[in-house]
Colleague: 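Okay, here's the structure, questions in a sec.
Only heavy atoms go into these numbers, but all of them, side chains included; no hydrogens, no water, no symmetry mates. FYI, the numbering just counts along the sequence from 1.
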Amino acid sequence: MKRIKVLAIIVCVMALANFASADTFGTGSNQFTIDFVPISGSTNPTSGYGIVNNDYRMGTYEITNGQWNKFTASLGMPVTGNPANAYDRNAYYIGLNVPTNGVSWYEAAQFVNWLNTSTSHQAAYKFTGTQGTSDYTLATWSASEAAGGTNLYRHKDAFYFLPTEDEWVKAAYWNGSTLQTYSNASSADLIPGLPGYPDKPDPTKWNYAPSAGSEPWDVGSGGEELNGTFDMMGNVWEWMENPYNDSSYGTTSNRGWRGGEFTSGSLFISSSYRTANEEPECENDFQVGGFRVASVPEPATLLLLGLGAVMVRRKR
C-alpha cells in the first residue's frame, strides 16, 4: 500500500512540474500575464544548435500588441534609444492579440528589462544614459556579470530574457531524441498558398492558423507544438538574443531571426534555416519581426520536485 502511495505522489509531482505556468506583470488596467512552458536540459543534440544543458522556460506565445501596449503604459515614457530613430514606428498589424511587430531588438530588450525590474529582479540588458531619450545606449556586461561568463548581453542574475538561438531551437524542434525538421510535423505536407505567396503547410497537420495568409494571426490560433508552444513556425519572425556571427558580442552586431512569418514557405520555418536581420535598431515591416520571452525555471516547480522527494523518503 505504501509503495502505491509513493508512486502516486511521484506521478502527481511530475505532472505538476510539467504544467505550463503564467507570470503576472503590471497593475490595474495595465496588468497582464505571460505563459511559459518548461524545457528540460536533461537531453540535447550532439552538435549544432539546440544544445542547452540547463532547465529553462520558454514563452508559450509571442508577445502581443496588447501586452506591449500595457508595458509602454506602465513604463510611462517613450521606448527610445540609440540611434534615436530606432523607435519611431508603431506596430504595422494592430490587433491586440496578434504578435507585436515592427519591433527592434533594442525595444524587445527594454521590454524584458522592465519584466525583470518591475518584479524586483536584475535587469537582463545593460543600457547607459537616460531611458526615454536618444542617448539611451546598449552596453555589455563584464565576464563576471555575464550569463555563463560568456554571454555578454545577458546578466547572470536575470530572471527573464530573450532566448538565445540554442534556447529557441531546442524549445521549437527538440523531441527528446532528435531535432525535428518542423516543430510539430515530420514531413512537408504542403498546400498551395494564396496567389503570389509560397505554398504553405497543411493547417490540419501543422501549427499554422487555418485562416492565415495575408497577415499575422492571433497567437495560439494554430495547433500546439511538440513542447507546448504555439506559433514558433510562422506568424512573425522572432528575435534571437545572441549575435548572428560575432563572438565579441558587439552592441551593434546583427542579431538572428528564427521561425519565419505568415507568408513563409516550408524552408523558412524549418530547424535548419537561420537568418540574420539588420542591426538591432532595425524595424522591418516587410519581414515582420516580433519576439517571445524566456525565463529561468519557475521556483514553484523546483519546490514541487523537492517536496516529492521529501514525501518519498518519509514513506520509506
Side-chain angles (χ1 to χ4, degrees), residues 23 25 34 36 38-42 44-45 47-59 63 71 79 81-83 86 103-131 135-172 174 238-258 274 276-282 289 291-299 301-302:
D23 295 2
F25 306 93
I34 297 178
F36 294 93
I39 307 297
S40 172
S42 61
N44 281 289
S47 62
Y49 291 95
I51 300 175
V52 185
N53 293 310
N54 57 280
D55 296 345
Y56 61 103
R57 295 187 298 161
M58 180 61 70
I63 297 301
F71 150 65
V79 185
N82 179 32
V103 177
S104 73
W105 190 98
Y106 288 144
E107 285 182 298
Q110 291 180 61
F111 178 94
V112 169
N113 272 0
W114 179 83
L115 295 183
N116 282 297
T117 58
S118 67
T119 54
S120 302
H121 293 106
Q122 166 66 45
Y125 307 107
K126 183 178 182 179
F127 285 87
T128 61
T130 303
Q131 190 167 21
D135 70 345
Y136 198 55
T137 306
L138 183 72
T140 53
W141 303 107
S142 67
S144 63
E145 297 168 314
T150 57
N151 184 349
L152 303 184
Y153 292 155
R154 183 193 302 177
H155 195 281
K156 61 184 177 60
D157 297 324
F159 195 85
Y160 302 102
F161 39 84
L162 296 172
T164 64
E165 193 165 4
D166 284 317
E167 290 165 338
W168 196 97
V169 167
K170 185 171 188 179
W174 181 245
E238 298 182 24
W239 283 108
M240 303 295 99
E241 180 186 67
N242 53 289
Y244 182 75
N245 185 23
D246 177 15
S247 59
S248 69
Y249 281 76
T251 57
T252 61
S253 297
N254 284 9
R255 310 297 201 269
W257 268 350
R258 280 277 189 169
R274 62 189 300 258
N277 188 35
E278 302 299 328
E279 292 82 359
E281 74 270 14
C282 178
F291 67 102
R292 73 179 67 215
V293 174
S295 173
V296 300
E298 174 60 45
T301 299
L302 301 178

Colleague: I want to check something: taking the side chain as every heavy atom from C-beta on, are R274 and Y244 in contact at a cut-off of under 4.5 Å?
Modeller: yes
Colleague: Run the side-chain contact (heavy atoms from CB on, under 4.5 Å) test against D23 and tell me which residues pass, sequence neighbours left out.
Modeller: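 So D23 forms a side-chain contact (heavy atoms from CB on, under 4.5 Å) with F25, F36, R57, F159, Y160, E298.
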Colleague: Please enumerate all residues that pass side-chain contact (heavy atoms from CB on, under 4.5 Å) together with N53, with sequence neighbours excluded.
Modeller: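 side-chain contact (heavy atoms from CB on, under 4.5 Å) check on N53 returns N44, I51.
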Colleague: Would you say the side chain of H155 lies within less than 4.5 Å of the side chain of E145, judging by non-hydrogen atoms?
Modeller: yes
Colleague: Using the test ring pair (Phe, Tyr, Trp, His ring centres under 6.0 Å), find all partners of F161 that sit at least two apart in sequence or belong to another chain.
Modeller: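 Once residues adjacent in sequence are excluded, F161 has no partner under the ring pair (Phe, Tyr, Trp, His ring centres under 6.0 Å) criterion.
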Colleague: Q110 and Q131: which non-hydrogen atoms are nearest, and at how many Å?
Modeller: OE1-NE2, 3.2 Å
Colleague: Which residues pass the side-chain contact (heavy atoms from CB on, under 4.5 Å) test with L162, not counting sequence neighbours?
Modeller: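 Checked L162 against side-chain contact (heavy atoms from CB on, under 4.5 Å); matches are W105, A108, V112, Y125, E241, F291.
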Colleague: Not counting sequence neighbours, which residues clear salt bridge (Lys or Arg N to Asp or Glu O under 4.0 Å) with R292? List them please.
Modeller: E238
Colleague: Of all the heavy-atom pairs spanning S253 and P243, show the shortest one and how long it is.
Modeller: CB-CB, 4.3 Å
Colleague: Between the main-chain N or O of G41 and the side-chain N or O of D55, is there a donor-acceptor pair closer than 3.5 Å?
Modeller: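 Judged by distance alone, yes, a pair lies under 3.5 Å.
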Colleague: May I ask you to decide if A294's main-chain N or O and Y56's side chain share a donor-acceptor pair within less than 3.5 Å?
Modeller: no
Colleague: Hey, does the side chain of S248 reach the backbone of D246 with a donor-acceptor pair shorter than 3.5 angstrom?
Modeller: no
Colleague: Decide yes or no for V52 and I39: does some side-chain heavy atom of the first lie under 4.5 Å from some side-chain heavy atom of the second?
Modeller: no
Colleague: Would you indicate whether the side-chain heavy atoms of T164 and Y49 approach each other to under 4.5 Å?
Modeller: no
Colleague: Of the non-hydrogen atoms in P45 and G50, which two are nearest, and what is the gap between them?
Modeller: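 In terms of heavy atoms, the two residues are closest at CD-O, 3.3 Å.
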Colleague: Of all residues at least two apart in sequence or in a different chain, which pass the side-chain contact (heavy atoms from CB on, under 4.5 Å) check with A139?
Modeller: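 Here the qualifying residues are K126, T128.
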Colleague: Main chain of N151, side chain of W141: is a donor-acceptor contact present, judged purely on distance under 3.5 Å?
Modeller: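 Side chain of W141 to backbone of N151, a donor-acceptor pair under 3.5 Å: no, none is there.
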Colleague: Test your reading of the model: is there a side-chain donor-acceptor pair from Y153 to the backbone of G250, 3.5 Å cut-off?
Modeller: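 It does hold such a pair.
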